[in-house]
Structure formats: C-alpha cells, structure tokens
Amino acid sequence: MKKTDIGRQVALTAVCLLLGFVVSLQLKSVTINYASSNTEVKRAEELQKDLLKEKTKNEELYSQLMQMKNEVEQYRKISEENGNVSQVLMEQVNMAETLAGLSAVEGTGVVVTLKDATGEQTALQDAQNSIIHEGDLRTIINELLASGAEVVSLNDERLVSTSSIRCVGPTVMVNNTRIAPPFVIKAIGDSKTLEAGLLIKDGIVEVLKSYGISVDIQISDKVAIPAYKGAVTFKYAQKVKQTGNGGN
Amino acid sequence: MYPIIGLIIGIIAGYTVNFHIPPEYSKYVAVAILAALDSVFGAVTASAQKNFSLKVFITGFFGNSLLAAGLTFLGKRLDVDLGLAAILVFGTRMFNNFAIMRRLLLNKFKKVEKI
C-alpha cells in the first residue's frame, strides 16, 4: 500500500465515522423531538408532570400538617392537666379555634343542596343558566352570612377568613379544593332566619329555581361542620402594636 | 472496507451515546448531514472515475457542512429559508453523482451496449 493510500483510508474512515455518528444521532434526536414536538401535547405532558409533583407535595404537606395538629393536641392535653390558669387560656384557645375554623362544630342551622337543572329546558333556561356558577354559591353564602350564619361550609370545606370560591373550568374551587355538583352548603345559625333569608322575595333561591336549578333547603338541629383542613398562617399581616389606651 | 466499518461504528456510537440534539438545532444538523452525504457521494463517484482527491473531499465535507448550516442560520435570521438552497443544490448533486455512478457501473457490467 502506498503512503497516500493509507492516508486516504484513514481520512475516509474518520469521515465516515463522523458521518455515521451524526446521522444516527440526528435520527435518534428527530424521533425524540418528534414525540415532543407537538407543543400542546408537550404542554399537557408538562402540566401533568407538574400536577403530579404538586399532588405529591400536597400529600406530604398534608401529612405534615396532621402531624403538627397532633402535636398541638398533645400540648393541649398536657396543659389541660396543669390547673386553673390554663383552663381560662384553654377556653380562649377553643374560642379562637372556632373563630379560625380550626375545630369541628355543630349546631342548629340549614343544609342547602343545589343541583344543576335537568330535564327539558324552558324559555328562560339555556346551557349557561342551567348550571350552578361559583357566583351563585357566593351569593347564597353571602345571604346566609347576612342572615346571621356563624359557621358556613361548602361541600364540607369550612369557609374561613381566607377562603375563596372561584370557577376552575367545569368545577368550583374552594379553599384550593375542587368540588363539583351537587353543592351542599351548611350553615350554623338561627335556622328560621337563615331559611327566611334565602327564601326572600326575588332572592337568589327564587332566581335559581326559575332557571330550573334544584335548591333544597333543610332545617336541622344538628348541622355538623368539619374543621378547616388547611393551615392558617400569616406571612404578611402583622399585629399592630397599640400605644397606650384607645390607640385606635 | 475500513470506511464502511467506520460508518457502522459511528452509527452505533450515535445511537448509544446518551445525548440528543435539541430540536432548535435539528435543522442545522440536517442540512449539514445533507452536505456531508453529498461530499461522500461525490467522493465515491470521483473514486470510480479515478480522480479522487483527498484534499477536495475533506475540505468539501467540512466546508459544505458548515456552509449549509451557516446558510440555514442566516436564513432563519433573514426569515428566508436559505436552507432550501443547500437542500436543492446538494440534492441535485447527489442525483447527478448517482447518475454518473449508475452509468459507470452499467458500462462496466454490460460492455456490449454503450449507454
């Protein structure tokens, strides 16, 4: 073999090696990229991954929360055994917990059950009006609070001072939990007043019923409302230090 | 012989290596491959015609690849698909080279009739 021939062979081999490498790399990449090139698919996949991650995180946090709550419970038991002063404090704590929605409560009140309209539609009904919107729920809850409801829950989600009720696609999100019809609103308060407030002339119930939405109000002596499931933390709000008496 | 072994090794290496080209660079690599393939086709044809030059081949292989990728890049910037120029030129040349080879081979095996 001549010297130039060896050089040629080496160069050709090197070039072919490079070519083969790049070609197969590109083939592989195109296959991979094609699978994820559809941006919508990609987006959905990403979102799904994110959702899964968040769910796991959520579960972890929830278990952490439960653990914390258990700890608080234990501290309370210890302090309960420590006599009088702490008893007064205990009462205050209980009161504060009820206010904050951290303890389950029961009492007289009403249970309102709402279901989307079914059956044939009348002239007043159309697809938009025959389903319950988050605004309807807010109006009902507002009405109940105006009628003196002390504690309100929506599908067993206790409403607290930071609760929000909003529309998320076909579902309603309350306290960051998604809920779907039928909606059950429980309110503790004077049951007669609560019922009267809802059934007021031209009130929300009447409007909803005119759209064919089923509204069922039941008076009960024992409405049980669970505790708020989330954590109550204040990151930004800080207590104002009062200077002297009547600082406000 | 060795070039073919090199090619096979390259293909296997490309498949097994744990890396893939990001989608945004895929197009540049594609035109670069086209240019490289054109060079290889040209080399094979030149070899068959006995006027192969290593220098021409090597410079063509890398130069054309880079130029094709560069043109595509420039095209993207100018919003004109200049990569098409590379595709057209190299595609045509590959067909031409293949045609030349075809004739050479046919003439080799069938010496009776001249095509």
Side-chain angles (χ1 to χ4, degrees), chain A residues 1-61 63 167-171 173 176 178, chain B residues 1-48 50-66 68-69 72 90 94:
Chain A
M1 221 181 237
K2 275 190 287 178
K3 204 183 168 191
T4 46
D5 269 8
I6 295 170
R8 179 184 290 188
Q9 286 285 329
V10 169
L12 273 179
T13 310
V15 164
C16 283
L17 195 95
L18 186 67
L19 182 68
F21 181 75
V22 176
V23 167
S24 67
L25 195 62
Q26 171 77 350
L27 278 177
K28 193 178 67 171
S29 304
V30 166
T31 320
I32 291 168
N33 294 339
Y34 184 74
S36 56
S37 68
N38 193 331
T39 46
E40 271 181 35
V41 170
K42 197 176 170 187
R43 185 103 186 100
E45 264 173 22
E46 262 172 29
L47 287 174
Q48 210 164 26
K49 248 182 231 167
D50 283 354
L51 180 67
L52 209 68
K53 217 192 274 172
E54 289 296 323
K55 267 188 180 165
T56 332
K57 209 166 128 191
N58 215 2
E59 271 167 30
E60 264 171 36
L61 286 174
S63 67
C167 177
V168 179
T171 57
M173 190 105 133
N176 292 322
R178 264 195 280 174
Chain B
M1 189 61 208
Y2 290 112
I4 291 165
I5 293 170
L7 191 71
I8 290 164
I9 291 170
I11 287 170
I12 292 164
Y15 259 104
T16 46
V17 78
N18 191 20
F19 166 78
H20 70 96
I21 298 155
E24 59 264 37
Y25 297 119
S26 196
K27 197 164 185 195
Y28 305 127
V29 178
V31 286
I33 285 173
L34 200 63
L37 271 178
D38 167 67
S39 291
V40 172
F41 265 61
V44 174
T45 312
S47 296
K50 308 261 190 257
N51 60 355
F52 175 81
S53 155
L54 188 64
K55 279 173 193 158
V56 171
F57 173 60
I58 297 290
T59 49
F61 183 86
F62 291 105
N64 285 350
S65 300
L66 288 176
T72 313
F90 296 130
M94 270 192 264

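In what follows, chains are A, B, ... by sequence order, proteins preceding strands, each numbered from 1. What you see is a predicted model, and the numbers here were worked out from it, not measured in a lab. The basis for the numbers below is simple: all heavy atoms, side chains too, and nothing from hydrogens, waters or symmetry mates.
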Quiz item: Who among A:Val23, A:Leu17, A:Leu18 has the most heavy-atom pairs with chain B under 4.5 Å?
Solution: A:Leu17
Quiz prompt | Verdict with supporting geometry, B:Phe61 and B:Val40, side chain to side chain contact (heavy atoms under 4.5 Å, CB included) | solution = CA-CA 7 Å; B:Phe61 183 86; B:Val40 172; 4.2 Å; yes
Quiz item: Most heavy-atom pairs under 4.5 angstrom with chain A, which of B:Phe57, B:Tyr25, B:Phe62?
Solution: B:Phe57
Exercise. Give the member of B:Ala30, B:Ala13, B:Ala43, B:Ser26 that has the highest number of heavy-atom pairs under 4.5 Å with chain A.
Key: B:Ser26
Quiz item: Using non-hydrogen atoms only, which part of B:Ile8 is less than 4.5 Å away from chain A: side chain, backbone, both, or neither?
Solution: neither
Exercise. For the pair A:Lys28 and B:Ile21, evaluate side chain to side chain contact (heavy atoms under 4.5 Å, CB included) and give the outcome as yes or no after the intermediate values.
Key: CA-CA 9 Å; A:Lys28 193 178 67 171; B:Ile21 298 155; over 6 Å; no
Quiz item: So, B:Ser39 side chain and B:Gly60 main chain: donor-acceptor pair closer than 3.5 Å or not?
Solution: yes
Practice problem: Might you confirm whether atom CD1 of B:Ile4 has over 12 heavy atoms from other residues, nucleotides or ligands at distances under 6.0 Å? | Solution: no
